[in-house]
There are 2 protein chains.
Amino acid sequence: MTERAESTDNDPLLAGETDTRRTADSSERAYNTIRKLLVEFTLKPGERINEVQLSRGLGVSRTPIREALNRLASEGFVSLTPNRGFFVRNLSTEGLLDLYELRSIIECAAFKLMCERAEDSEIDRLRQYWEAIVDGYRDQAPDIILAEDEGFHLLIAELSGNPELVGQLASINARIRFIRRIQIEHPSHDKTQVTSHSAIVAAAVKRDAENGMKLLREHIEMTVSATQQALKDALLRVFAPGNGADLKRRRRARDT
Amino acid sequence: MTERAESTDNDPLLAGETDTRRTADSSERAYNTIRKLLVEFTLKPGERINEVQLSRGLGVSRTPIREALNRLASEGFVSLTPNRGFFVRNLSTEGLLDLYELRSIIECAAFKLMCERAEDSEIDRLRQYWEAIVDGYRDQAPDIILAEDEGFHLLIAELSGNPELVGQLASINARIRFIRRIQIEHPSHDKTQVTSHSAIVAAAVKRDAENGMKLLREHIEMTVSATQQALKDALLRVFAPGNGADLKRRRRARDT
DNA sequence: GAACGCAATAGTGTAGACACTTTCTTGACG
DNA sequence: CGTCAAGAAAGTGTCTACACTATTGCGTTC
């Protein structure tokens with residue numbers, strides 16, 4: 001998924017850009033809005049998406065809604081079954097593990113390639129990026145931490161020199177972002193990320209691919225278990241017994 | 001124990017489905033048809049896609065055409081610029097290398113995971129798959145070779161136990177399929193794949209992750225250079241000066 | 001009282017129309 | 001002659017309408 005060519009003429013190479021579509025208007029706004037609804041669990045996992053209702057809510061017709069949903073389907077947020085419509089895809093604990101595993105694979109590969117190919121000045125850019133934010137890191141708002149963290153890892157991907165890796169990582173990030181946010185806000189969130197990142201930067205400077213990959217792998221794995229717990233709590237909260245009013249008519253629970 | 005919290009009915013498990021869309025009708029057919037047009041270079045790299053023309057050609061309205069194009073955009077086949085429409089994305093030589101690199105990363109990781117996790121019976125499934133086709137492999141039609149080859153590599157991804165890897169690989173395959181076909185049909189195509197695959201199977205049986213990954217990496221890298229030449233020839237053929245009839249109005253030839 | 005079938009309702013899938021933007025054409029002006 | 005401008009043509013983005021499918025609700029039968 002996902003790249004997009006930007007402007008005008010066809011920029012010849014597959015422009016490593018990261019996000020593919022830009023419908024400027026309703027369609028784009030619909031995409032962003034619906035994505036937010038998904039990310040914030042306003043649209044709940046397993047739930048059927050009512051296009052008409054959504055289109056009323058957003059004040060546009062069903063056409064841009066459907067375009068946005070199609071895009072979200074390609075990106076794995078929702079699924080579409082023939083004559084029944086779109087459903088919110090639910091990321092189970094298991095699916096989450098798979099995604100994190102993929103992320104680990106991509107990031108480790110990116111780190112290795114970065115060590116092999118990046119200019120010294122580029123590596124230095126990574127160092128600078130981290131040093132610029134490391135001090136206030138712990139104290140930021142969750143959204144800021146999240147953005148800075150994603151930025152750090154994305155920068156590694158960029159320095160790998162392979163735009164496809166950037167695209168992949170960005171796409172993965174988008175899918176697990178809501179969970180990461182939940183995890184960051186969760187009481188169990190420890191701030192060892194700071195030391196992890198510093199160590200990773202150090203490995204990069206030394207171009208020690210092996211060690212850096214190991215650190216990355218551990219860094220990612222470390223968050224997984226915490227995230228699992230956070231996810232479980234979040235799902236419990238969203239589907240807490242007693243607020244059944246939300247799920248008006250859910251007789252058939254088979255989804256995805 | 002673990003998941004299966006009490007969210008009661010809607011069990012939150014993600015059905016690890018891999019592919020998400022299924023529009024059954026015009027939209028699905030449009031998707032397949034357009035994708036074929038792209039893969040076969042009927043729609044040429046850099047070219048602007050005319051929705052009206054396409055919809056006439058397929059005998060449907062623009063609505064399903066646009067849905068298909070949106071999907072193809074998310075998958076990287078085409079790009080969309082705001083008020084100008086969809087363009088055929090052109091895979092440059094450089095972009096091709098990036099894609100192959102990504103493929104190599106995914107496949108190697110999948111192989112390793114397979115070695116770690118797969119049941120013996122599953123590994124045997126891989127062996128059987130290959131043995132069943134190895135004999136007639138060289139003599140098949142290009143499309144068959146391609147499908148069998150993809151099937152082989154996809155099976156490895158499946159045996160990794162991570163559906164995300166399967167999805168990623170499938171998506172990559174789709175994007176480079178047309179080039180692979182060109183390469184298979186190209187005179188330079190040597191059939192060393194047979195021995196490569198056999199060696200990879202052997203490594204899998206021995207669960208020798210290191211060696212298998214090395215073989216895979218070489219196997220993929222080996223095809224890259226051949227493919228590059230094949231791609232160059234193909235582009236030359238498609239854009240050959242003198243067949244301007246095809247491109248009715250291409251005043252701006254600035255592409256690729 | 002429960003299962004079945006049929007009508008009514010809700011919802012998706014596609015078509016066609018219209019508004020607005022981009023692109024092309026033509027003609028005037030330097 | 002070349003440049004620019006204005007109008008015409010082509011094309012996209014979105015809306016509304018309608019057909020067809022799935023779902024719900026109700027009445028009938030056993």
Side-chain angles (χ1 to χ4, degrees), chain A residues 4-10 20-34 43 46-74 78-88 247-256, chain B residues 9-10 20-34 43 46-74 78-88 247-255:
Chain A
R4 115 68 144 354
E6 39 253 34
S7 29
T8 100
D9 12 87
N10 50 6
T20 287
R21 172 115 8 56
R22 178 61 39 77
T23 301
D25 288 327
S26 319
S27 202
E28 176 76 5
R29 275 183 313 134
Y31 171 82
N32 287 321
T33 308
I34 298 174
L43 290 171
E47 190 174 322
R48 181 175 183 172
I49 294 177
N50 187 323
E51 299 173 8
V52 177
Q53 198 174 314
L54 257 184
S55 72
R56 273 194 214 121
L58 299 193
V60 297
S61 84
R62 279 174 54 222
T63 308
I65 298 287
R66 281 183 66 87
E67 280 194 11
L69 287 173
N70 270 293
R71 184 174 167 190
L72 289 164
S74 276
V78 303
S79 63
L80 171 58
T81 41
N83 278 308
R84 312 212 316 116
F86 293 89
F87 292 80
V88 180
L247 311 175
K248 289 206 282 208
R249 70 187 96 192
R250 36 122 173 183
R251 67 179 52 214
R252 69 183 59 202
R254 45 68 173 259
D255 37 8
T256 296
Chain B
D9 19 18
N10 64 348
T20 306
R21 167 101 26 41
R22 179 67 35 76
T23 300
D25 289 327
S26 318
S27 201
E28 177 78 4
R29 276 184 310 134
Y31 171 82
N32 288 320
T33 308
I34 297 173
L43 290 171
E47 190 174 322
R48 180 177 185 171
I49 295 177
N50 187 322
E51 298 174 9
V52 177
Q53 198 173 314
L54 257 185
S55 73
R56 272 194 213 119
L58 299 194
V60 296
S61 84
R62 278 174 55 219
T63 308
I65 298 287
R66 280 183 67 87
E67 277 192 14
L69 287 172
N70 271 294
R71 186 174 166 190
L72 289 164
S74 275
V78 303
S79 63
L80 171 58
T81 40
N83 278 307
R84 313 212 316 116
F86 293 88
F87 292 80
V88 181
L247 313 173
K248 289 205 284 207
R249 73 185 96 190
R250 45 135 172 168
R251 68 181 53 218
R252 65 185 66 202
R254 42 50 180 272
D255 36 7

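In what follows, every chain begins at residue 1, and chains take the letters A, B, ... in the order their sequences are listed.
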Consider the side chain of [X], meaning its heavy atoms from C-beta on, and name the nucleotide among [options] that approaches it most closely.
X	options	answer
A:V60	C:dG13, D:dT12, D:dC15	D:dC15
B:T63	C:dT22, C:dG16, D:dA22	C:dG16
A:N50	C:dA15, C:dT12, C:dG13	C:dT12

Which heavy-atom pair separates [X] from [Y] by the least distance, and what is that distance?
X	Y	value
A:F87	A:T81	CE1-OG1, 3.2 Å
B:G85	B:L80	O-CD1, 3.4 Å
B:L58	B:A30	CD1-CA, 3.9 Å
A:V88	A:V78	CA-CG1, 4.3 Å

Figure out the [atom1]/[atom2] separation between [X] and [N], and round it to whole Å.
X	N	atom1	atom2	answer
B:N70	D:dT14	CG	P	10 Å
B:L80	D:dG11	CG	P	16 Å
B:E28	C:dG13	CD	P	12 Å
A:R56	D:dT16	CZ	P	12 Å
B:N83	C:dT22	CG	P	5 Å
A:Q53	C:dG11	CD	C1'	11 Å
A:E51	D:dT21	CD	P	17 Å
B:R84	C:dC24	CZ	P	9 Å

### Query
When the nearest nucleotide of DNA chain C is assigned to A:I49 and to B:G59 on a heavy-atom basis, which residue is associated with the more 5' position?
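Taking each residue's closest nucleotide, the earlier one in sequence belongs to A:I49.
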
### Task
Could you say whether B:R48 or B:P64 is positioned toward the 5' end of DNA chain C, judged by the nucleotide with the nearest heavy atom to each?
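Residue closer to the 5' terminus by nearest nucleotide: B:P64.
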
Can you see if the side chain of [X] gets near the phosphate of [N] - specifically, an N or O under 4.0 Å from OP1 or OP2?
X	N	value
B:R66	D:dT12	no
B:S26	C:dT14	yes
A:R62	D:dC15	no

### Query
Which is true for A:L54 with a 4.0 Å heavy-atom rule: it touches a base, it touches only sugar-phosphate, or it touches nothing?
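Nothing, no nucleic acid heavy atom in range.
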
### Query
B:I65 near the nucleic acid: base, sugar-phosphate alone, or nothing, with a heavy-atom cut-off under 4.0 Å?
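Here B:I65 touches no strand at all.
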
### Query
Would you say the side-chain atoms of A:R66 pair up with the backbone N or O of A:E51, donor to acceptor, closer than 3.5 Å?
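No.
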
